[in-house]
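Shown next, in structure tokens, is the structure this report addresses.
Every number for a ligand or one of its atoms is a count from 1 in the order of the listing. Computed from a predicted model, the values in this text were never measured in an experiment.
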Amino acid sequence: MLTLMVVEDDPTIGSTLTSALRANGYAVVWEKEGGSALRSAERAAPDLVLLDLGLPDLEGLVVCRELRALLPSAVIVILTSRRDQLDVVSGLESGADDYLTKPFTLVEILARVRAHLRRHRGDVETERIVVGSLTVDLAARRAFIGSREMTLRAREFDLLARLARTPGVAAGREELMSDVWDSNWFGSTKTLDVHVAALRQRLAAATEEDGGNGGPSPRITTLRGHGYRLDL
Ligand code: CA
């Protein structure tokens with residue numbers, strides 16, 4: 001059974017979410033404070049965390065960063081009631097994979113949870129993709145530049161795999177969002193830009209560590225007004 005952790009101090013939202021998720025077959029741990037979420041994270045070992053950013057005891061972004069360190073392979077979705085886009089960007093930079101802005105509907109949140117978990121645990125692919133010095137091992141969910149393994153978060157890996165499937169081919173923003181995040185994507189594509197920025201850093205760092213032994217490394221080219229392309 002897949003385990004979810006809900007970190008939410010609001011009793012109405014917390015209990016509604018928890019019972020809806022349980023009714024859909026997930027094991028749910030509900031934590032009402034950041035501190036208790038961090039204390040129980042490793043024991044609960046959730047596959048996905050729904051994290052409210054406005055918590056009574058600790059700063060939500062701090063909780064996000066610490067949860068990411070404790071649960072490197074879990075999907076973290078932040079819930080924010082604030083319209084402030086800065087919050088969203090900081091959340092993604094603090095280790096979240098996705099976000100939902102309150103108010104959200106249960107249908108919306110269940111669809112998003114399902115989409116994330118399907119990719120997380122999803123169909124096992126056996127393919128290996130090679131683009132220059134980059135090797136993406138889909139079965140093992142590992143990516144290498146030469147012999148140097150890249151440390152990637154769940155959605156960073158998916159985005160890299162998606163771009164590497166079609167090297168040299170332009171991919172539109174909406175297309176990438178729908179392929180990597182959700183088939184019914186709506187709203188801002190800021191999430192995409194933050195993930196591309198992180199991937200660029202990781203590609204550059206791995207290339208430098210590898211010292212060019214694996215041959216030329218691919219890079220992500222920005223296509224203004226359209227999207228991105230992986231080039232060699
Ligand atoms: Ca709150």
Take T101 and T80, measure what side-chain hydrogen bond (donor to acceptor under 3.5 Å, both in side chains) needs, and give me the verdict at the end.
-> CA-CA 5 Å; T101 306; T80 172; over 6 Å; no
Any chance you could lay out the salt bridge (charged side-chain N to carboxylate O under 4.0 Å, His left out) test for D193 and K190, step after step, and finish with the verdict?
-> CA-CA 5 Å; D193 300 320; K190 205 171 283 290; over 6 Å; no
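- In this view, R22 satisfies the side chain to side chain donor-acceptor pair (under 3.5 Å) rule with no residue, not counting sequence neighbours.
- Note on D52: counted as a metal contact of the Ca ion (ligand 1), an N/O/S atom lying under 3.0 Å.
- Taking backbone and side chain together, L53 holds no N, O or S atom under 3.0 Å from the Ca ion (ligand 1).
- Taking backbone and side chain together, D9 holds an N, O or S atom under 3.0 Å from the Ca ion (ligand 1).
- In this structure, F157 and L138 have side chains that are in contact, with non-hydrogen atoms separated by less than 4.5 Å.
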